[in-house]
Each structure stands twice: as structure tokens, then as C-alpha cells.
Amino acid sequence: MTFKQKIFFVLTICAVFVSCSSSNKKLPIYGEREAIKKMINGVEVVDTLYQTIPKFSFLNQDSVVINNDSLNNKIYVADFFFTSCPSICPIMKKQMLRVYEKFKGNTEVKFLSHTIDPKHDSIPVLKNFSNKLGVNSMQWYFLFGDKETVYNLAKTAYMSTSYEDKAAPGGIVHSGYFLLVDKNKRIRGAYDGTNEGQVNQLIDDMQVLLNEYQTK
Amino acid sequence: MLYFSFTLLVIAILLTACVNEEKVKYTRYFTDGAQLYKTNCQNCHGANGDGLAQLIPPLTDTSFLRKNRSQLACIVTYGIADTIKINGQTYNFKMPANTNLVPIDLAKLLTYVTNSFGNKQGLYDVSEIENHLKKCR
């Protein structure tokens, strides 16, 4: 290495360090937003109201009610699936399992898998599925709810489309997205659950999101 | 003597041609089979045939695949919803049918499956597949 090269090398290392330590990386906030005016201490300020996940209430694989309040102070990853799905669901579950393994036991992190086929996926079916997947029902909820409600939640709240299509394998098409939701119930990321690279990104982003809540 | 060596040479050439033909066929089946596996099976059984937890069995149980060689075409075509033991682990989920696959596809696919993931069973011929399919339960 020449002297010049050495200098360059050292400078590069420095640059990397500086950029890393000073990066206060934040995830974007998805969804609609509106500016609202409110009074704070007699002064009018403009605040932004972000779209949040509307209230919901479902039963999990242990027949326990899971609703918005169950997720207070948690970040979570949500997806839509059904147990008899022959196409992309097994891949999604394999990828989700990878994310789960990374955050297993972290009390700030939950996983929500909504079935979109409640006719077949009864609570015992979901329980069996979750047991066979080998996951803890206190951290990964398999949620059973009325079909209409789940479809609406998928469409309006999560922007991911899930609608019936008799022609598709398994009878139901759905987007295959993993949605990352923060502690304020805002969507902070959407990732293709069949794509290993995007799921790696999700794992990184979850760490970034958790860091946002670290008290400085 | 000249005749003898000539005959020997001809036989040798024929033999190599034969062996090569088998080999070429095997390679073609294996390659096409890999593609068929990717589109029809990989979602569930995985790129490395490792399955999914206790839901979907791996394709790495070489003795199961050897013992059930004559059943494989039926399993793939009509699906399976039994309780089966793979690598000592019990599975009782459901595998859907693949009635879109014709015997030549099955031959290629199973040539790939039974020679990957640690398996080494050699070529599956179309005639073997057709035989097996006649005896599906």
C-alpha cells in the first residue's frame, strides 16, 4: 500500500464510523395523514394525525380475546394466511418463523397471523397449526374472526388485498405481505413475505423501530 | 484377429453410446425435474427439501423414499393426507393433488427428487411411472 492509499483507507474507515454512529435511522410512517390544529397551552399548533389500525377483536388459538389493547406497548408483525393454502403460505410461514426466531422471548414484539378462511380454520385447527409450527402462543397469535371483518381489516387497515378468487390455488388469493406496526398502531413497513431479502430487511427494520423506543 | 479387434471396437462404441444416452437422459430429466420441483413443490418442501417444522415433511428421509418408491407417483398425483413418519417425526397434514402433471413430468420430477437432498436412486423411467400409477390406492 502506498502512503496515499493508506490515508485513503483510514479516511474511509473514519467516514464509515461517523456515518454509522450519527445515523438516527427512522422508518417511514405509512398510510394517510392529515394536519390537525390543536391548542397547547393556549397556543395553536399544527399536528399530524396518522392513519392507525382500527380497533379489532379476535380470538387466538387458545380462545383468548386479542384486541388493540392486547398490543399496547408492543410492536408487531401481521400477515394474512390460511392453513390449507397450497401456494405461498408455507413460504411465508417459513420466513415468519425466521423473524420469530430472531425476536423470540422479546416481550415488546408480537406476531399476528389472521386466517382468511375461518370456515376451515377453526380455533382447534389453528391451535394444531401453531403447535406443529412450534411457536409460543403468548407471542405469536393465530387469529380467528369473522371473514367479512378480517377482509375489511386487510383492505382498509393494512392496504394488503385479500379477496376470494375461486380460480386461484386454494380458492383465496392474498397479497403475502408482512406489515410492521409500531407501538402507536401505525404501519411502518410492508415486506413481501415470500422474498428472503425483504424479510431480512424486516428483521433490520424491527431493530430500528425498537431502537426508537429506547430511552435516551 | 483383425476381425476380432474390429468387433470389439464396435461393441465398445455401441456400449459407450448406450451409456452416454442413459446419462444424457438422466441429466435432462434431472434438469427439467428441478424446474418442475421449483414450480410445484418448493413452496412447501423448500429449496433444500427441508420441509416446514412439523407441518410439512422434509424430502431428506432417504429410506422412506426408497421403501415407497412405487408410491411416489401416486402421492404426487393424488396428494396425501395420512399419518406418516419421516425422519422419526410424525406428520399428519395434507398435501394437495397435482393432477396437472403427466407421466413424463412425474418421471422428471421424481428423478430430481430421488437424486437430491441426500437421495441417490437413479433414473425414473416413464414406463415405471405408468406402472406405478396403475396401482394407486
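Below, read A as the first sequence line, B as the second, and so on, with proteins coming before strands; counting in each chain starts at 1. Worth knowing before you read on, the calculation uses all heavy atoms, side chains too, and leaves out hydrogens, waters and symmetry mates.
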Every donor-acceptor pair from chain A to chain B under 3.5 Å, please, each on its own line.
from, atom 1, to, atom 2, distance (Å)
Ser87(A), O, Asn43(B), ND2, 2.6
Lys94(A), NZ, Asp50(B), OD1, 3.0
Lys94(A), NZ, Gly51(B), O, 2.9
Lys132(A), O, Gln54(B), N, 2.9
Lys132(A), NZ, Asn92(B), OD1, 3.1

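Looking at Arg188(A), its side chain does come within 3.5 Å of a backbone N or O of Leu27(A) through a donor-acceptor pair.
When all heavy atoms of Ile75(A) and Asp182(A) are compared, the closest pair comes out as CG2-CA, 4.3 Å.
Below 30°, between 30° and 60°, or above 60°: for Phe142(A) and Phe129(A) the angle between ring planes is above 60°, a perpendicular geometry.
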Checklist entry - Can you list the steps and then say if Tyr30(A) with Tyr50(A) is a ring-ring contact (aromatic ring centres under 6.0 Å, His included)? => result CA-CA 8 Å; Tyr30(A) 289 90; Tyr50(A) 292 98; over 10 Å; no

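At a 4.5 Å heavy-atom cutoff, the contact between Leu55(B) and chain A is made by backbone and side-chain atoms alike.
Under a 4.0 Å N-O distance rule, the pair Glu108(A)/Lys183(A) qualifies as a salt bridge.
Once rounded to the nearest 0.5 Å, the distance linking CG of Asn106(A) with CG of Leu210(A) reads 5.5 Å.
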